[in-house]
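Heads up: the structure comes next, in structure tokens.
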Amino acid sequence: MTLYNSKNITESFAAVKWDDGKLILLDQRILPREIIYLDYDSASAVADAIKDMIVRGAPAIGIAAAYAVVLAARSAYQAASDNWRDVIEAELKILSDSRPTAVNLNWAIAEMRKAFESIEGEPEPVLLEMAIRIHDEDIAANHEMGRLGAELINSGSQVVTHCNAGALATGGYGTALGVIRTAHTNGLIEKVYSSETRPWMQGARLTSWELQQDNIPVNLVIDSAVSALMKSGDINWLIVGSDRIAANGDVANKVGTYSHAISAKYHGVKVMVVAPFSTVDMRIQSGDDIPIEYRNTTEITDFNGICVAPNDIEAINPAFDVTPAKLVDVIVTEKGIVQDPDAEKMLALFG
Ligand code: MRU
């Protein structure tokens, strides 16, 4: 694994890049203090990077997985050019198991698999072209969602966002932050409140930084300040991304989204969920069936590597929660929007 530091990187911050036959990931564990890129030439190393949150955010995980399939195919073909399709399976399983909630991971692997049968000879060129297409289409989808979502926002709006659904979480531009970016460019956004997102602090470390880079006015608040903020009457929208949307419009996203949505409904704040079609899982009937990742409890017992909770405390660390469709005002995808989502409307757009 090679370390690049920011001084060698001329491009602006992309979470995922492909360069010189390698996958390059921006290490999101240490942002914004350090901008370090790490490079990968094996699918199992990418699976570890996904598990360890070097790359995170549902679409970015999917794109990294697509490039990891290219790496897996390269090594499978080197090991056994005649039956690389069998040899690759073990690596794909490791990749597919790396994080459970974001459906984009398995969506991307399935998209890549579609090409397997028709490939003759070396698989890498064909698969790389597909991975680049998945990456490019994600960026294009984000811009389209930005356009569609921004049309719903009135001038002078103040919005709350949770976690990071920005350029860092996608191929570029962002889903929730894509809408906020477009709305800001169109002069509609007065202020963004970024909730810190305990325990991994995506809001504090990533979203605040990303918005600062674009000179979008942002205030960082602790997660539990959001209800009182909404009570003030100054907030117009809660705008978030998603890791998986069920067929009835229930939305899995970073833990804390559900309580923000309850507060939003209580205070008359509208709730917008912005996610590409690759996040919609029509095979899952309701949010109850979405697998929720439970992460290591040291994420909540420790602070900066020091345990601040009592020794041997039993902790529970679900990384996601499910917001029922009835708390969501609109789901924005690149295929169109679903107002007041339910199973029928979801089927009409995505069936
Ligand atoms: O645990 P993370 O940081 O991968 O969780 C990310 C989120 O919950 C995002 O809101 C979601 O993936 C949408 S990203 C466009």
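Quick caveat: nothing in here was measured; it's all calculated off a predicted structure. Atoms within a ligand are numbered from 1 in the order they appear, just like the ligands themselves.
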* To do: State whether Lys22 and Asp20 are salt-bridged, where the test is any N-O pair (Lys NZ or Arg NE/NH1/NH2 against Asp/Glu carboxylate O) under 4.0 Å.
  => no
* **Under-4.0 Å heavy-atom contact with ligand 1, by part of Thr170 that carries it** => side chain
* Structure fact -> To atom 2 (P) of ligand 1, the nearest of Arg99, Glu293, Gln28 on a heavy-atom basis is Arg99
* Please determine if Lys335 forms a cation-pi arrangement with Phe350, meaning its NZ or CZ atom is less than 6.0 Å from the six-membered ring centre and no more than 45° off the ring axis. => no
* Structure fact -> Per side-chain hydrogen bond (donor to acceptor under 3.5 Å, both in side chains), Tyr173 is matched among Asp138, Asn142, Thr182 by Thr182
* Asked: Under 6.0 Å from the six-membered ring centre of Trp84 and within 45° of its axis: does the NZ or CZ of Arg74 meet both?
  -> no
* To do: Using a 4.0 Å heavy-atom threshold (strictly under), name the region of Phe320 that reaches ligand 1: side chain, backbone, both or neither.
  => side chain
* With heavy atoms under 4.0 Å as the rule, classify the contact between His162 and ligand 1 as side chain, backbone, both or neither. => neither
* Asked: For ligand 1, which part of Lys254 has a heavy atom less than 4.0 Å away: the side chain, the backbone, both, or neither?
  -> both
* Asked: Within the distance-only criterion (no hydrogens, no angle test), does the side chain of Asn186 pair as donor or acceptor with the backbone N or O of Leu188 below 3.5 angstrom?
  -> no
* Asked: How close does the nearest protein non-hydrogen atom get to atom 14 (S) of ligand 1, and which residue and atom is it?
  -> Ala169 CB, 3.5 Å
* Asked: Quick one: do Tyr193 and Val269 end up in the same hydrophobic cluster if we chain Ile, Leu, Val, Met, Phe, Trp and Tyr together by side-chain heavy atoms under 4.5 Å apart?
  -> yes
* To do: Give yes if a backbone or side-chain nitrogen or oxygen of Gly57 is under 3.5 Å from a nitrogen or oxygen of ligand 1, and no if not.
  => yes
* Short N or O distance, Ala58 and ligand 1, threshold 3.5 Å exclusive -> yes
* Structure fact -> In this structure, atom 9 (C) of ligand 1 is nearest to the protein heavy atom Asn253 OD1, 3.4 Å
* Ala102 heavy atom under 4.0 Å from ligand 1 -> no
* **Atom indices of ligand 1, in the order listed, that fall short of 4.0 Å to a heavy atom of Ala165** => 14 (S), 15 (C)
* Asked: Does Asp243 reach ligand 1 with a nitrogen or oxygen that is under 3.5 Å from one of the ligand's nitrogen or oxygen atoms?
  -> yes
* Asked: Regarding Tyr77 and Glu124, is there a side-chain donor-to-acceptor distance under 3.5 Å anywhere?
  -> no
* Does any N or O in the side chain of Gln285 come within less than 3.5 Å of the main-chain N or O of Ala246, such that one atom is a donor and the other an acceptor? -> no
* To do: Output the list of atoms in ligand 1 that are nearer than 4.0 Å to some heavy atom of Gln202, sorted by atom number.
  => 1 (O), 2 (P), 3 (O)
* To do: Establish, from distance only, whether the side-chain atoms of Asp243 and Thr101 form a donor-acceptor pair under 3.5 Å.
  => no
* In terms of side-chain geometry, is the basic nitrogen of Arg29 or Asp27 positioned less than 4.0 Å from the acidic oxygen of its partner? -> yes
* Report the nearest protein non-hydrogen atom to atom 15 (C) of ligand 1: residue, atom name, distance rounded to 0.1 Å. => Thr175 OG1, 3.1 Å
* Relative to ligand 1, is Pro59 under 4.0 angstrom through side chain, backbone, both or neither, heavy atoms considered? -> side chain
* Asked: Got an N/O contact under 3.5 Å between Arg56 and ligand 1?
  -> yes
